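One structure is given below, encoded as structure tokens.
Since the structure is predicted, the reported quantities are computational estimates derived from the model, not experimental observations. Heads up: numbering here begins at 1 and tracks the sequence.
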Amino acid sequence: MILDGKAPTGRIQDSWDNARFSLKLVNPANKRKYKVLVVGTGLAGASAAASLGELGYNVEAFCYQDSPRRAHSIAAQGGINAAKAYPNDGDSIYRLFYDTIKGGDFRAREADVWRLAQVSNNIIDQCVAQGVPFARDYAGYLDNRSFGGAQVSRTFFARGQTGQQLLLGAYSALSRQIKAGTVKMFARTEMLDLVIIDGEAKGITVRDLTTGEVRTHVGDAVVLATGGYVNVFYLSTNAMGCSVTAIWKAHKKGAYLANPCYTQIHPTCIPQAGDYQSKLTLMSESLRNDGRCWVPKKKEDCNKDPNSIPEEDRDYYLERKYPSFGNLAPRDIASRAAKEQCDDGRGVGPGGRGVYLDFSTSIKRVGEDKIRERYGNLFEMYERITDENAYKRPMRIYPAPHYSMGGLWVDYNLMSNVPGLFVLGEANFSVHGANRLGASALMQGLADGYFVIPYTIAGYLAGVKSPGSIKADHPECAKSIADVKASTERFLGVNGKKTVTEFIRELGTTMWENVGMARSEKSLKAALQKIPAIRAEFQENVKVSGTGAELNQQLENAGRTADFLEFAELLTRDALHREESCGGHFRVEHQYPDGEAKRDDANYCYVGAWEFKGVGKEPELHKEPLKFENVHLAVRSYK
């Protein structure tokens with residue numbers, strides 16, 4: 001099937017304005033007749049729930065954490081992009097649009113990216129009005145810093161806590177609507193199924209993580225804003241609770257999953273310290289504004305004190321390879337470059353899996369106090385974890401799984417191929433192509449929640465003739481509850497010998513080694529042999545103690561792991577079918593002589609959206625062709 005993304009035609013500069021005007025409206029008095037279910041309360045979910053509540057819709061919001069404030073958006077550090085051009089350095093909406101298309105290696109829809117760039121400026125105004133404490137310059141104006149993949153400074157920030165401050169802003173807006181009664185909040189609640197009635201998304205089945213109660217909530221539309229799936233690699237920068245479950249359950253009910261192989265490896269992570277580590281810690285990309293990446297030129301210097309290695313014996317490899325962008329090369333390029341140095345035997349730290357991020361030059365130029373002012377909490381975090389003072393000794397960093405550019409397929413209105421199912425933020429595939437530029441995740445989440453879904457969901461709801469007509473006693477709801485309970489009973493009934501953690505660690509190791517930074521036909525086929533075997537053993541030998549009628553984190557993790565074991569196979573199939581390298585998807589068979597990614601626009605310039613056909617069965621591929629009329633296809637170069 002050829003998919004229609006419903007992207008507007010005509011001048012791209014007018015596309016979003018024209019699209020908004022063409023959407024049907026729900027008049028203010030009628031909005032209270034509709035109920036919208038919002039799953040996830042990170043930046044995308046919290047801003048969507050708050051905005052829809054403010055408009056007058058009845059909203060029910062759900063998160064598995066004990067509070068919306070604990071959503072993983074809180075962990076974002078470096079900043080949020082917007083095209084306000086305050087530094088007067090040549091930025092514009094068009095340049096942000098261009099950088100995002102190019103940064104994604106020409107694998108995103110132009111119209112979606114233009115809209116993102118256009119509304120980016122509104123986001124900053126919204127957040128300032130909420131009291132978000134963005135950094136300011138000596139004159140009191142909002143300050144900016146640079147990020148990878150751009151030659152302008154367009155990233156607004158709050159030290160190294162930008163995600164936390166933005167989430168608190170969205171949470172305050174959400175809390176206001178909870179108090180007003182337009183939003184009803186359900187914390188400690190996990191979505192375990194999507195309810196489809198007459199071909200449309202009308203509800204979700206959830207488990208109360210405190211009491212174990214399984215119940216269905218129904219509404220007139222469902223909004224998924226549940227984040228990304230890179231915990232399929234087990235060790236990642238994501239919170240341990242981040243999972244693929246919500247979008248995978250939707251996928252199994254008919255929603256197409258687009259470009260699952262587009263996963264991002266972040267170049268600036270604290271290296272793994274041991275085999276039993278449970279997650280990895282990110283050091284913000286913003287550090288590459290003032291930090292310089294290097295490794296020793298001589299292998300015999302790798303175990304020396306870095307401060308004892310003279311300047312002439314250091315290889316500032318990003319500055320050498322990419323002089324135009326230097327240390328601010330995009331994430332996928334910087335990650336592969338770091339791996340290249342380590343594979344050459346010049347990595348530092350335990351196992352040779354690390355490179356240096358050195359601030360000595362910047363400290364000499366602007367002083368240690370200025371560096372503390374810009375990144376103090378990040379340096380403190382690094383010292384707590386490594387017991388090393390990065391003001392005196394270079395940080396050690398190494399690439400790690402970080403973000404999912406793939407996700408559920410959505411059209412321009414952020415609706416999936418299942419009518420009534422909308423998908424926001426990292427949970428959809430929409431704007432980042434094959435590689436997300438730094439500081440664009442927060443931008444997309446808030447753009448989708450504050451400025452896109454309030455318009456586009458009305459276009460769908462205006463066509464719902466009998467709002468509120470579906471009740472929780474519908475036969476499909478009863479069937480969904482029975483299916484969820486049966487799944488729970490299966491996990492509890494196996495009584496095997498291996499823990500859930502052992503299985504997800506085994507899957508993660510398989511995925512990282514075979515489907516990680518470098519992929520090949522051989523490695524991908526090897527993974528496709530191993531994943532079903534791990535899944536089969538999980539079904540026969542997993543140990544989940546306790547019951548389903550109580551707080552049971554083993555049971556929660558068993559369900560999430562089961563979904564990862566199914567999803568991992570689809571991710572790997574997608575990587576195998578895409579015989580090209582683009583962005584974060586790097587096939588070793590497809591590269592230029594200098595090691596750069598080699599796209600195949602003649603055969604793969606499309607969104608690959610997969611339809612579920614059954615566990616272990618070949619999924620069906622649907623394609624949405626990508627057209628580039630404003631940014632012409634070209635070899636992506638940052639040299």
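The shortest side-chain heavy-atom distance between Thr162 and Gln77 does not fall under the 4.5 Å cut-off. The side-chain heavy atoms of Val230 and Tyr403, taken from C-beta on, include no pair separated by under 4.5 Å.
For Asp343 and Arg353, the salt-bridge test passes: some basic side-chain N is under 4.0 Å from an acidic carboxylate O. Between Glu566 and Lys252 there is a salt bridge, with a side-chain nitrogen of the basic residue lying less than 4.0 Å from a carboxylate oxygen of the acidic one. Salt bridge absent: Lys627 and Glu110 never bring a charged side-chain N and a carboxylate O closer than 4.0 Å. Between Arg587 and Glu521 there is no salt bridge, since none of the side-chain N atoms of the basic residue sits less than 4.0 Å from a carboxylate O of the acidic one. With respect to the salt-bridge test (charged N to carboxylate O, under 4.0 angstrom), the residues Arg336 and Asp332 qualify. Between Asp358 and Arg396 there is no salt bridge, since no side-chain N of the basic residue sits under 4.0 Å from a carboxylate O of the acidic one. Between Asp99 and Arg154 there is a salt bridge, since a side-chain N of the basic residue sits under 4.0 Å from a carboxylate O of the acidic one. A salt bridge is absent between Lys598 and Glu580; no separation between the charged side-chain nitrogens and carboxylate oxygens falls under 4.0 Å. We find that Glu285 and Arg145 are not joined by a salt bridge, their nearest charged nitrogen and carboxylate oxygen being 4.0 Å or further apart.
Side-chain atoms of Gln161 do not come within 3.5 Å of backbone N or O of Ala158 as any donor-acceptor pair. With hydrogens and angles ignored, the 3.5 Å screen pairs a side-chain donor or acceptor of Gln264 with a backbone N or O of Arg436. Remark: side-chain polar atoms of Arg578 are paired, donor with acceptor, to backbone N or O of Tyr604 under 3.5 angstrom. Looking at Gln130, its side chain never comes within 3.5 Å of a backbone N or O of Val132 through a donor-acceptor pair. For the pair Arg519 (side chain) and Cys261 (backbone), a donor-acceptor distance under 3.5 Å is present.
By the salt bridge (Lys or Arg N to Asp or Glu O under 4.0 Å) test, Asp601 pairs with Arg107, Arg599, sequence neighbours left out. Shown here are the side chain to side chain contact (heavy atoms under 4.5 Å, CB included) partners of Gln341, two or more places apart in sequence or in another chain: Val295, Asp315, Tyr317, Arg320, Arg346.
Aromatic rings from Trp409 and His251 are positioned such that their centres are separated by 6.0 Å or more. Note: Tyr94 and Phe97 meet the aromatic proximity criterion, with ring centroids under 6.0 Å apart. Within the 6.0 Å centre-distance limit, the rings of Tyr86 and Phe156 are counted as a close aromatic pair.
A cation-pi arrangement is not found for Lys6 relative to Tyr412, the charged atom failing to lie both closer than 6.0 Å to the ring centre and inside a 45° cone about the ring normal. Lys102 forms a cation-pi arrangement with Tyr638, by the criterion of a distance under 6.0 Å to the ring centre and an angle within 45° of the ring axis.
Between atom CG of residue Leu235 and atom CG of residue Leu280 there is a gap of 4.5 Å, rounded to the nearest 0.5 Å. Note that CG of Asp448 and CG of Asn428 are 6.0 Å apart. Values are rounded to the nearest 0.5 Å.
Surrounding CZ of Arg95 are at most 12 heavy atoms belonging to other residues, nucleotides or ligands under 6.0 Å away.
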Derivation and outcome, side chain to side chain contact (heavy atoms under 4.5 Å, CB included), residues Tyr234 and Phe564
CA-CA 10 Å; Tyr234 182 56; Phe564 274 133; over 6 Å; no
With side chain to side chain contact (heavy atoms under 4.5 Å, CB included) as the test, would you mind laying out the steps for Phe134 and Phe157 before giving the verdict?
CA-CA 5 Å; Phe134 286 121; Phe157 63 98; 5.8 Å; no
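Under the 30°/60° scheme for interplanar angles, the aromatic rings of Phe612 and Trp248 are found to stand perpendicular.
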